[in-house]
Amino acid sequence: MSESALTDAVLRALAEPQRRRILRLVRDEELTAGRIAEQFTISPQAVSQHLRVLKDAGLLRERREGTRRLYAIRPEAVEPVREFLEELWPSSLQRLKRIVEGDREAGR
């Protein structure tokens, strides 16, 4: 998958609030799909679909332990998104600087 396609997949996965909640749940510890599903009012099948989207986007790592599947966050997966946002940030700072400096000159 190209870096652009990976960034798009991560952004699409993060756009859904339930998926962001799942990532918060597995941020500090591995959890089974059942333990994750217990935290939601949606069906276990819906949670499973969210897990699949997060895994396909590279945001989750799945580890099998016997018949159980344990999920943990892959923080490195957001790196392409971070890089994309950093590309945008400098131009925003430059615009802010021009506005502030323009206001200072207008106030003289």
Side-chain angles (χ1 to χ4, degrees):
M1 187 181 293
S2 74
E3 189 166 321
S4 176
L6 182 58
T7 300
D8 291 348
V10 169
L11 287 170
R12 277 193 301 277
L14 293 173
E16 215 293 325
Q18 303 287 7
R19 294 184 196 133
R20 292 193 304 271
R21 188 167 167 217
I22 289 170
L23 291 174
R24 286 184 191 104
L25 288 170
V26 298
R27 175 181 51 209
D28 298 323
E29 65 177 321
E30 288 183 319
L31 293 175
T32 63
R35 289 271 318 272
I36 294 168
E38 289 172 358
Q39 306 298 313
F40 293 86
T41 57
I42 59 177
S43 71
Q45 293 80 12
V47 171
S48 181
Q49 290 174 350
H50 287 307
L51 290 169
R52 187 175 316 112
V53 170
L54 290 166
K55 188 177 158 204
D56 290 347
L59 290 163
L60 283 183
R61 174 177 47 87
E62 179 187 88
R63 183 173 68 84
R64 291 181 184 245
E65 189 177 86
T67 58
R68 299 181 334 151
R69 293 179 187 194
L70 296 158
Y71 294 92
I73 195 167
R74 292 186 64 244
E76 67 274 12
V78 297
E79 186 66 23
V81 173
R82 188 189 62 74
E83 289 173 1
F84 169 71
L85 293 174
E86 282 182 354
E87 286 177 23
L88 300 177
W89 189 247
S91 66
S92 297
L93 288 177
Q94 287 296 89
R95 279 196 308 268
L96 178 61
K97 180 181 175 190
R98 284 193 302 269
I99 290 167
V100 169
E101 289 174 349
D103 287 349
R104 280 189 199 152
E105 290 176 14
R108 288 184 189 182

To the closest 0.5 Å, what do you measure between CG (L23) and CD (E16)?
11.0 Å
Do the non-hydrogen side-chain atoms of R52 and S48 ever get within less than 4.5 Å of each other?
yes
Taking only residues two or more places apart in sequence, or in another chain, which ones meet S43 in a side chain to side chain contact (heavy atoms under 4.5 Å, CB included)?
Q45, A46
Determine which pairs satisfy salt bridge (charged side-chain N to carboxylate O under 4.0 Å, His left out) with at least one residue from residues 80-91, sequence neighbours left out, and list them in order.
E79-R82, R82-E86
Linking I/L/V/M/F/W/Y whenever any side-chain heavy atoms sit under 4.5 Å apart, do V81 and V26 land together?
yes
Applying salt bridge (charged side-chain N to carboxylate O under 4.0 Å, His left out), which residue pairs with at least one partner in residues 66-78 are found, sequence neighbours left out?
E62-R69, E65-R68, R74-E76
Under the rule for side chain to side chain contact (heavy atoms under 4.5 Å, CB included), what residues qualify as partners of L6, not counting sequence neighbours?
M1, V10, P80
I'd like to know if the side chain of R19 and the backbone of L14 have a donor-acceptor N/O pair within less than 3.5 Å.
no
What distance separates L31 CG from I73 CD1, expressed to the nearest 0.5 Å?
11.5 Å
Tell me, which pairs form a salt bridge (charged side-chain N to carboxylate O under 4.0 Å, His left out) where one or both residues lie in residues 23-37, sequence neighbours left out?
E30-R61, E30-R63
Measuring from atom CG of L11 to atom CZ of F84, what distance do you get when rounded to the nearest 0.5 angstrom?
7.0 Å
Do F40 and H50 have side chains that approach each other closer than 4.5 Å (heavy atoms only, starting at C-beta)?
no
Can you see which heavy atom on A37 is nearest to which on P44, and at what distance?
CB-CA, 4.3 Å
For A57 versus A13, what's the shortest heavy-atom pair and its separation?
CB-CB, 3.9 Å
Could you measure the distance from the CG atom of L60 to the CG atom of L51? Nearest 0.5 Å is fine.
6.0 Å
For S4, enumerate each residue passing the side chain to side chain contact (heavy atoms under 4.5 Å, CB included) test, keeping only those at least two apart in sequence or located in another chain.
S2, D8
d(I22 CD1, K55 NZ) to nearest 0.5 Å is 13.5 Å
Do L59 and L25 belong to the same hydrophobic cluster, where Ile, Leu, Val, Met, Phe, Trp and Tyr are linked whenever their side-chain heavy atoms lie under 4.5 Å apart, directly or via other members?
yes
